[in-house]
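Take a look at the structure below.
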Amino acid sequence: MPTQSTSKQLWRDVQVFDGLVQLDEAMTVLVEDGRIAGLWPSGEFNEARAEGAACAGRGGVLTPGLVDCHTHLVYAGNRAGEFEQRLEGVSYEEIARAGGGILSSVRATRAASEDELIAASLPRLDALLADGVTTVEIKSGYGLTVADELKMLRVARRLGELRPVRVITTLLGAHALPPEYAGRADDYVSLVCDEMIPAAAAEGLADAVDVFCEGIGFSPAQCERIYQAAKAHGLAIKAHAEQLSNLGGSALAARYGALSADHIEYLDEAGVRAMAEAGTVAVLLPGAFHVLRETQLPPIELLRSYDVPMAVASDANPGTSPICMPTLMANLACTLFRLTPREALSGMTAQAARALGRLDLGRIEVGAPADLCLWDIQQPAELAYAVQAGRLRQRVFNGEVVYAR
């Protein structure tokens with residue numbers, strides 16, 4: 001990771017999307033000591049305010065660095081064969097129950113060393129960075145033993161040392177039931193609660209704990225045990241919930257103050273209301289919806305009516321969303337889920353940061369960390385309108401221009 005910038009830099013005459021709204025006139029943005037130090041309409045900018053500042057960029061659209069708040073980047077192997085199976089009519093649930101799906105990735109990931117996982121994961125991370133990501137959440141969940149889950153989390157932390165990006169880590173020990181615990185789900189949950197969570201917390205490897213609350217995952221009662229263990233160790237809570245059915249997982253997570261509930265295609269009004277009351281973010285994952293050819297849409301209008309923040313993420317993973325292009329997710333969120341371009345871009349900046357508990361990120365405002373992207377486009381909506389690589393002119397991380405074209 002680069003050291004924090006100590007120089008003054010200006011971005012002049014840029015169209016700014018501040019993380020929530022598009023500012024209506026050309027702006028000048030000053031960055032100093034790794035943070036946004038000033039933001040003015042260009043017509044009102046006084047050069048004396050930024051004496052000694054170098055011009056780092058001019059024109060284009062300036063947004064916060066993108067925040068990918070739900071990924072499974074660290075894994076070994078691939079599941080192209082299952083992709084073929086689904087196209088031949090086999091359901092995701094049928095594949096999972098036959099020992100494929102997540103467990104296929106578990107077998108490959110358990111067999112891989114940390115260095116092998118680094119080598120496999122870096123190209124995926126690099127693809128996210130090339131599309132504007134400056135903060136990424138990385139989940140474990142393909143180890144399902146204490147040692148292998150910690151291995152995955154260590155790899156995720158190392159990725160943040162090898163590239164200029166903020167990495168947030170999430171322990172997803174309750175991703176699937178490992179084969180050695182077949183028929184003993186409660187015993188495995190005890191392992192997660194009594195050994196896995198304490199070990200991850202003791203080593204400082206996890207920022208949050210996630211669960212897969214689903215018929216092919218874990219029951220609400222089992223997830224609640226995990227939430228209680230996470231709370232006892234000071235870790236934030238997240239949930240995969242209401243992806244394939246409605247078990248009330250989002251409402252349960254909200255009762256425990258969850259940062260987010262993710263997928264939520266089958267979320268009902270009671271769940272939406274619970275999330276609104278708790279301030280829990282709805283994380284939309286259109287990549288998985290697209291790859292699985294789902295038809296049950298998330299309740300977007302209900303989320304809007306209850307003012308539930310909506311984030312958008314890649315869900316980059318080997319089985320259901322093998323996609324590492326966040327701007328494609330903005331397009332899919334609009335075309336499949338009917339978000340507006342502003343909602344989609346806010347969902348990949350300010351609201352995605354909120355889903356990680358990082359209210360300091362995903363905004364262009366004075367005092368915020370200078371994680372920025374300068375795009376060769378004329379208006380922010382183009383990031384959702386077109387699926388096109390190569391529009392990123394600069395990626396700024398912690399005040400440093402770490403990529404420039």
Side-chain angles (χ1 to χ4, degrees), residues 69-70 72 102 137-146 149-150 152-153 156 168-178 181 184-264 266-268 270-283 285 308-309 311 313 315 354-358:
C69 65
H70 182 129
H72 305 256
I102 292 168
E137 185 252 23
I138 301 177
K139 302 179 189 293
S140 64
Y142 296 126
L144 309 186
T145 68
V146 175
E149 289 292 293
L150 297 184
M152 291 186 69
L153 293 171
I168 309 296
T169 55
T170 298
L171 173 64
L172 181 55
H175 197 193
L177 186 65
Y181 278 88
R184 298 190 296 125
D186 285 335
D187 290 341
Y188 179 67
V189 170
S190 293
L191 176 75
V192 173
C193 294
D194 299 339
E195 298 183 40
M196 200 176 285
I197 289 173
E203 294 190 34
L205 291 175
D207 301 303
V209 170
D210 200 346
V211 299
F212 186 27
C213 186
E214 191 55 73
I216 59 171
F218 296 88
S219 71
Q222 291 164 341
C223 293
E224 186 165 19
R225 289 177 57 196
I226 293 168
Y227 291 157
Q228 290 169 349
K231 285 286 191 182
H233 288 86
L235 297 175
I237 288 169
K238 301 174 72 68
H240 288 59
E242 276 71 70
Q243 180 183 10
L244 305 173
S245 63
N246 183 7
L247 297 184
S250 298
L252 171 66
R255 287 201 298 275
Y256 279 85
L259 292 174
S260 71
D262 304 23
H263 286 291
I264 59 148
Y266 286 82
L267 181 65
D268 60 14
V272 172
R273 185 183 303 111
M275 291 173 65
E277 291 171 354
T280 298
V281 177
V283 177
L285 303 173
V308 174
D315 192 18
R354 181 182 295 273
L356 298 178
R358 290 296 303 267

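All values below come from the heavy atoms of this structure, side chains included, with hydrogens, waters and symmetry mates left out. The first residue in the sequence is number 1, and the count goes up from there.
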Search all heavy atoms of [X] against all heavy atoms of [Y] and return the closest pair with its distance.
| X | Y | answer |
| --- | --- | --- |
| Cys223 | Val211 | SG-CG2, 3.6 Å |
| Ala251 | Gly271 | CB-CA, 4.2 Å |
| Ala254 | Ala278 | O-CB, 3.3 Å |
| Lys238 | Ala355 | NZ-O, 2.7 Å |
| Ala176 | Tyr188 | O-CE2, 3.9 Å |
| Thr169 | Ala206 | OG1-CA, 3.4 Å |

Parallel, tilted or perpendicular: ring planes of His175 versus Tyr142, cut at 30 and 60 degrees = tilted
Is the shortest side-chain heavy-atom distance between [X] and [Y] below 4.5 Å?
| X | Y | answer |
| --- | --- | --- |
| Tyr227 | Leu252 | yes |
| Met152 | Glu149 | yes |
| Glu203 | Leu153 | no |
| Tyr256 | Ile237 | yes |
| Gln243 | Leu285 | no |
| Ile226 | Ile197 | yes |

Can you tell me how far apart [atom1] ([X]) and [atom2] ([Y]) are? Round to the nearest 0.5 Å.
| X | Y | atom1 | atom2 | result |
| --- | --- | --- | --- | --- |
| Ile216 | Leu177 | CD1 | CG | 12.0 Å |
| Tyr181 | Leu144 | OH | CG | 10.5 Å |
| Leu259 | Glu137 | CG | CD | 10.0 Å |
| Leu235 | Asp207 | CG | CG | 8.0 Å |
| His233 | Leu171 | NE2 | CG | 11.5 Å |
| Leu356 | His70 | CG | NE2 | 11.0 Å |

Let me see the working for Leu267 and Met275 under side chain to side chain contact (heavy atoms under 4.5 Å, CB included), right down to the final yes or no.
-> CA-CA 10 Å; Leu267 181 65; Met275 291 173 65; 3.7 Å; yes
Donor-acceptor pair, Ser140 side chain versus Leu172 backbone, under 3.5 Å?
-> yes
Glu195 side-chain N/O to Val146 backbone N/O, donor-acceptor pair under 3.5 Å = no
Side chain to side chain donor-acceptor pair (under 3.5 Å): which pairs involve residues 210-221, sequence neighbours left out?
-> Lys139-Asp210, Asp210-His240, Glu214-Ser245, Ser219-Gln222
Any side-chain donor-acceptor pair under 3.5 Å between Ser190 and Arg225?
-> yes
Side chain to side chain contact (heavy atoms under 4.5 Å, CB included) between Asp315 and His263, intermediate numbers included | CA-CA 9 Å; Asp315 192 18; His263 286 291; 3.5 Å; yes
Evaluation steps, side chain to side chain contact (heavy atoms under 4.5 Å, CB included), between Val308 and Val272 | CA-CA 7 Å; Val308 174; Val272 172; 4.0 Å; yes
